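Below is one structure, written out as structure tokens; the observations come after it.
Side-chain atoms are counted along with the backbone in the values below, which use heavy atoms only and exclude waters and symmetry mates. Both counts, for ligands and for their atoms, begin at 1 and track the order of listing. Given the structure is predicted, the values throughout are model-derived calculations rather than measurements.
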Amino acid sequence: MIVVFLGPPGAGKGTQCKLLVDRYKLQHLSSGDILRRERKEGTELAKRAQSFMDSGALVPDDLIVEMMSREIKQIGDGGVVLDGFPRTLGQAQELDKALARVGKRVDVVLDLQVDDGKLEERVTGRRSCTKCGAAYHTTFNPPKQSEQCDAGCGALSQRPDDTAEVVRNRIKTYHEQTSALVEYYERQGNVAHLDGNVDIEGVSRRLGELIDACVMEAK
Ligand code: AMP
């Protein structure tokens, strides 16, 4: 099963992807995570992507398509959830072509919708521990001691593009360039809309129902 997860920054895609990975054993392919990994490794691609990422703009399609095509070739039979890719019409068309080359297609597109007013607070409060991987939120899931990991690892960190100014640009970019993909996939008839304004458990429950229905349909 190939799942495409659409939603603005802060909608909770990453959190919900964990459910898809744990319960349905899907592989999680996040273009943002792959870019951040490339950045740590100091690759040429990451150097070309850096200024776009830092400002909250989209990395040019040719770089992203090249990077994601490599990953798509390696998708196993267990299926995958694509998180953060595609983000433009051009990327969606290239994804369709790349999948067709390996005899696959997008089975379901999840459109996770959250009111703009909630997004900025959700994103700017995100913190994580680079040592143990624990995730926190300054308001919704605060550490016991401000900005310190509960496991005693030391100071928490914030993604450089999670600051208010960059987040506003990322939200604007989503509306200008990515939300049109919902219409593109609606024409293919495989979009499921999810209300992401409710709590994490509520979204997970609805997501599970949707994926169960897809699994049943595929049988
Ligand atoms: P994310 O972790 O998905 O929020 O992505 C972080 C940043 O990586 C984005 O703000 C973009 O600069 C870049 N990025 C990730 N995925 C894509 C994509 N599919 N197309 C263009 N830029 C991307």
### Query
Is it true that Asp162 and Arg170 make a salt bridge, defined as a side-chain N closer than 4.0 Å to a carboxylate O?
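Between Arg170 and Asp162 there is a salt bridge, with a charged N closer than 4.0 Å to a carboxylate O.
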
### Query
Do NZ/NE/NH1/NH2 and the carboxylate oxygens of Arg37 and Glu71 come within less than 4.0 Å?
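A salt bridge links Arg37 with Glu71.
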
Which ligand 1 atoms, with their elements, are less than 4.0 angstrom from a heavy-atom of [X]?
X      : result
Ser31  : 15 (C), 16 (N), 17 (C), 19 (N)
Ala57  : 11 (C), 12 (O)
Asp161 : 6 (C)

### From Gln177, Arg170, Arg159 - option closest to atom 6 (C) of ligand 1 by heavy atom
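Of the listed residues, Arg159 has the closest heavy atom.
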
### Message
For atom 17 (C) of ligand 1, tell me which residue out of Arg87, Met68, Met53 has the closest non-hydrogen atom.
### Response
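It is Arg87 that holds the nearest heavy atom.
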
#### Entry: Neighbour count above 12 (heavy atom, 6.0 Å) for Arg48 CZ
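12 or below, so no.
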
### Query
Do other residues, nucleotides or ligands put more than 12 heavy atoms under 6.0 Å from Glu41 CD?
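Check passes, neighbour count above 12.
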
#### Entry: Heavy atom of the protein closest to atom 20 (N) of ligand 1 (residue, atom name, distance)
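Going by distance alone, atom 20 (N) of ligand 1 is nearest to Gln91 NE2, 2.9 Å.
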
### Task
Classify the contact between Ile64 and ligand 1 as side chain, backbone, both or neither, using a heavy-atom distance cut-off of under 4.0 Å.
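Answer for Ile64: side chain.
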
Can you find an N/O atom of [X] closer than 3.5 Å to an N/O atom of ligand 1?
X     : result
Val59 : yes
Gly84 : yes
Leu35 : no
Arg36 : yes

### Student check: side-chain heavy atoms of Arg122 and Thr139 closer than 4.5 Å
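No, side chains not in contact.
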
### Task
Please answer whether the main-chain N or O of Gly7 pairs with a side-chain N or O of Tyr174 as donor and acceptor at a distance below 3.5 Å.
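Flag set: sc Tyr174 to bb Gly7 pair under 3.5 Å.
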
### Message
For a quick test of reading the model, state the closest non-hydrogen atom pair linking Leu95 to Val4 and the distance between them.
### Response
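In this case the closest contact between Leu95 and Val4 is CD2-CG2, 4.1 Å.
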
### Message
Under a 3.5 Å cutoff, is there a donor and acceptor pairing between the side chains of His28 and Asp33?
### Response
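No, no side-chain donor-acceptor pair sits under 3.5 Å.
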
